[in-house]
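Notes follow once the structure below has been shown.
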Amino acid sequence: MSDKPWGGAFEQPTDQLLEQFSESVSFDRRLYAQDVRGSVAHARMLAAVGVLTDTERDQIVDGLVKIGEEIAAGTFEFKTSLEDVHMNIERALTERIGDVGRKLHTGRSRNDQVSTDFRLWIRDSIDRVDGLLKNLQRAFVHRTTLDEGAIVPGYTHLQRAQPVLAAHYWLAYCEKLQRDRQRLADCRGRVNQLPLGTAALAGTTIPIDRQMVADELGFEGIVANSLDSSSDRDFALEFAYVLTQIALHLSSWAEEWILWCTTEFNFLKLPDAFCTGSSIMPQKKNPDGLELVRGKSARVVGNLQSLITLTKGLPLAYNRDLQEDKERVFDSADTVEACLELAAPMVAGAQLKRESIAAGIDRGYLDATTLMEYLIAAGVPQRTAHELIGKLVGTAMKADCRLADLPLKDFQAAHESLDESVYDVLGVERAVEAFKSFGSTNPDRVAEQVATWHEKLK
Ligand code: ARG
């Protein structure tokens with residue numbers, strides 16, 4: 001008494017409430033292209049092992065391809081009563097090619113089918129996100145040329161700390177995004193394992209060839225345990241985590257740039273095309289795009305939390321709870337992709353306000369640590385040098401001047417080894433040049449890194 005593909009043993013039609021409550025086609029239709037690909041590969045394999053004739057295979061493949069085209073064109077009618085994208089496509093196939101279509105689901109279940117489609121979708125998204133990350137890295141590397149030689153204050157605790165090259169700043173973001181790309185690549189390897197053929201939870205008695213399907217769909221390996229495969233969503237959580245890490249990186253960047261765009265900082269000007277105005281205050285140019293990059297990270301974090309909670313107490317194997325994974329992952333991927341798309345032109349188009357930065361660069365004793373290390377090089381123990389320079393900074397603070405403005409007698413009173421050459425390491429330019437270590441903001445080291453990045457992003 002049921003029009004459902006699973007309705008044989010049912011004596012009542014599905015209640016409308018349950019039908020509406022449990023449908024997923026409203027969102028999992030996004031998997032249609034992956035579903036068609038997976039089914040085409042499955043049908044070819046079934047023919048290769050003798051379950052379908054070549055004619056049956058061709059009918060099924062042609063039918064699936066046409067359905068895929070209709071969905072792409074927007075002319076396909078999805079039915080909520082058929083629950084999900086998988087049953088909609090399969091039913092449409094049977095309506096078009098007749099009983100042959102009823103053979104497609106041989107040796108598989110929706111459980112392994114969903115997992116296969118989802119992995120294919122995530123794999124595509126990983127590749128898109130990686131491309132967008134690379135694009136954003138390029139924008140940051142391009143900035144190193146735009147802002148060549150510019151020195152900005154580096155901060156800890158949002159208090160002025162030491163001077164750094166602007167290029168060093170931009171490359172810091174490249175490094176973070178590079179680790180995100182590495183995480184994506186690592187995650188991709190675990191996503192890219194074929195579940196199809198594990199069927200509902202225990203495998204199948206049909207003599208299928210899973211390797212053939214894996215090869216056709218570009219999977220690197222085959223999931224080895226059907227129970228594991230039926231219940232596994234690690235791959236989705238891992239992807240959601242990597243997306244979260246990207247969103248967090250973007251959010252911190254956005255926060256920093258929002259600060260830099262304030263009148264108080266006055267370090268950065270965003271292109272007008274990437275600012276919005278106020279409906280009441282005529283002078284305003286607001287960084288709404290950056291604020292939304294920061295704000296939208298919240299939903300990506302929330303999606304990850306949902307997925308963790310969703311899977312935390314599920315017994316083996318498949319449970320319908322798992323249907324709740326799709327929207328969370330789609331939303332995280334859509335959000336991060338949109339943020340990355342917006343970030344690249346903002347990074348490329350912003351203008352560093354070099355004059356304004358330079359005008360205030362002498363505030364905050366950015367060269368104090370360099371001076372301390374200068375004293376260490378003269379043989380003074382670090383703890384002692386720290387204290388002596390701390391006192392000198394105190395003297396300069398009282399006089400409301402830079403360290404470079406203190407008279408020589410103050411330096412000599414601090415330590416007898418200090419002579420006029422002390423002025424050679426004071427001021428942000430000299431302080432930046434005094435850095436030596438690998439990974440530091442020394443101009444030569446930074447130039448090497450810029451070259452490395454140009455090479456990496458070619
Ligand atoms: N729409 C379901 C999902 O996304 C398909 C799997 C249904 N399997 C089942 N045993 N009811 O998870």
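The first residue of the sequence shown is numbered 1, and numbering continues consecutively from there. All ligand and atom numbering here is 1-based and tracks the order in the structure.
- Because its NZ or CZ atom is not both nearer than 6.0 Å to the ring centre of F10 and within 45° of the ring axis, K4 does not count as a cation-pi partner of that residue.
- A heavy-atom distance below 4.5 Å is not found between the side chains of E90 and H86.
- When ring centroids are compared, Y241 and F239 stay outside the 6.0 Å threshold.
- Ranking the protein heavy atoms by distance from atom 11 (N) of ligand 1 puts R110 NH2, 3.8 Å first.
- Between Q113 and ligand 1 there is no heavy-atom distance shorter than 4.0 Å.
- Polar contact with ligand 1: present for D84 (N/O pair, distance under 3.5 Å).
- Looking only at heavy atoms of the protein, atom 2 (C) of ligand 1 is closest to Q323 OE1, 3.2 Å.
- For K326, a nitrogen or oxygen atom sits less than 3.5 Å from a nitrogen or oxygen atom of ligand 1, counting backbone and side chain alike.
- Geometric assessment of R30 against the ring of F330 yields a positive cation-pi assignment under the 6.0 Å and 45° thresholds.
- Nearest to atom 8 (N) of ligand 1 among the protein's heavy atoms is N111 OD1, 3.0 Å.
- Interface atoms of ligand 1 facing S24, defined by a heavy-atom separation under 4.0 Å, are 1 (N).
- With no hydrogens or angles considered, no side-chain donor-acceptor pair links Y365 and Q162 at under 3.5 Å.
- Aromatic ring orientation, F140 versus W257: perpendicular (interplanar angle above 60°, classes split at 30° and 60°).
- For atom 6 (C) of ligand 1, the closest non-hydrogen atom on the protein side is Y318 OH, 3.3 Å.
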